[in-house]
Amino acid sequence: MEVVILADEREVGAFAAGRIASMIDKHPDAVLGVATGSSPQQTYRVLGEQVAAGLDVSRVSAFALDEYVGLPGDHPQSYHRVIAETVTEPLGLDPSRVHVPDGMALDLDAACADYEDRIAAAGGIDLQLLGIGANGHIGFNEPTSSLASRTRVKTLTARTRADNARFFDDPDQVPRQCLTQGLATILDAHTTVLVATGTAKARAIARIVEGPVQALWPGSVLQLHRRATVVVDEAAAAELELADYYRYTDSQRRLWETERRTD
Ligand code: GLP
């Protein structure tokens, strides 16, 4: 796992956006996995600036990680709408290429299977952007999610409902179920980039990066991924035992990249 520790949220967003932009540069028809939540917002902002500066995203497709069950697509907190407002519209993606699981489907299991089929038909996800819950969830894969899980219906923990209550007028309005890509679905992405900032994420980051791979801390499954990057600010890195080692390896990588550019 590549761990990159940066000064603040702005640098974290710029780093993640840089990785995404260089992938789109190389593969204009790239398939991007997109996350909701506050963590990736800075990444989207910087990416928006790169689009304004000429990055061509007209052929890029996107798949969201998850969706609440029972919120209509025009509800301000449905991930259909959140993705439209924070990703599709500001980046100028083609809406017909942006996919979100259907949390309003009458047959939710069929909607989950259809989502997996759509990802496969697009050729798989090239780069999956991730945030992390304070309890270690990625997507909405709550603790004890199967490490082999695919897109399915999950019940949200009380902790996640409380964390997300800030987006709703009344905590009771936070849905109890969701559809989420599974941990194995996420592992299938060619590359993953997880962004986390702030002290509230420090414990989860230490557990998923340095703890055992275990369903209790679902993000730890990324240790099994060959191209997983975790980008954090100093606050989110606070509980990492080997922080100095990650800073050292990152400085070596930068040195090596500079040398390669000047060759
Ligand atoms: C949400 C989303 C996750 C997100 C996480 C953290 O509930 N389903 O994809 O990574 O919780 O959110 P935030 O970035 O706002 O802390």
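Since the structure is predicted, the reported quantities are computational estimates derived from the model, not experimental observations. All heavy atoms count here, side chains included; hydrogens, waters and symmetry mates do not. Counting convention: from 1, in listed order, for ligands and their atoms alike.
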Is the count of non-hydrogen atoms from other residues, nucleotides or ligands lying under 6.0 Å from Leu255 atom CG greater than 12?
yes

Kindly compute the distance separating CD1 (Ile186) from CZ (Arg150), expressed to the nearest 0.5 Å.
10.0 Å

Is there any salt bridge (charged side-chain N to carboxylate O under 4.0 Å, His left out) pair reaching into residues 218-228, and which pairs are they, with sequence neighbours excluded?
none

Among Thr185, Thr180, Asn141, which residue satisfies the side chain to side chain donor-acceptor pair (under 3.5 Å) criterion with Arg152?
Asn141

Could you list, one pair per line, each nitrogen or oxygen of ligand 1 together with any protein nitrogen or oxygen closer than 3.5 Å, giving atom names and the distance rounded to 0.1 Å?
{"from": "ligand 1", "atom 1": "7 (O)", "to": "Asn164", "atom 2": "ND2", "distance (Å)": "2.9"}
{"from": "ligand 1", "atom 1": "8 (N)", "to": "Asp66", "atom 2": "OD2", "distance (Å)": "2.9"}
{"from": "ligand 1", "atom 1": "8 (N)", "to": "Gly139", "atom 2": "O", "distance (Å)": "3.3"}
{"from": "ligand 1", "atom 1": "10 (O)", "to": "Ile132", "atom 2": "N", "distance (Å)": "3.3"}
{"from": "ligand 1", "atom 1": "11 (O)", "to": "His137", "atom 2": "NE2", "distance (Å)": "3.1"}
{"from": "ligand 1", "atom 1": "14 (O)", "to": "Ser38", "atom 2": "N", "distance (Å)": "3.2"}
{"from": "ligand 1", "atom 1": "14 (O)", "to": "Ser39", "atom 2": "N", "distance (Å)": "2.9"}
{"from": "ligand 1", "atom 1": "14 (O)", "to": "Ser39", "atom 2": "OG", "distance (Å)": "2.5"}
{"from": "ligand 1", "atom 1": "15 (O)", "to": "Ser38", "atom 2": "N", "distance (Å)": "2.8"}
{"from": "ligand 1", "atom 1": "15 (O)", "to": "Ser38", "atom 2": "OG", "distance (Å)": "2.7"}
{"from": "ligand 1", "atom 1": "15 (O)", "to": "Arg166", "atom 2": "NH2", "distance (Å)": "3.0"}
{"from": "ligand 1", "atom 1": "16 (O)", "to": "Lys201", "atom 2": "NZ", "distance (Å)": "2.6"}

Before you tell me yes or no, could you show the steps for Asp250 and Arg247 under salt bridge (charged side-chain N to carboxylate O under 4.0 Å, His left out), namely the whole-Å CA-CA distance, both residues' side-chain angles and the distance that decides it to 0.1 Å?
CA-CA 5 Å; Asp250 191 41; Arg247 289 191 187 96; over 6 Å; no

Is it the case that over 12 heavy atoms from other parts of the model lie below 6.0 angstrom from the CD atom of Gln252?
yes

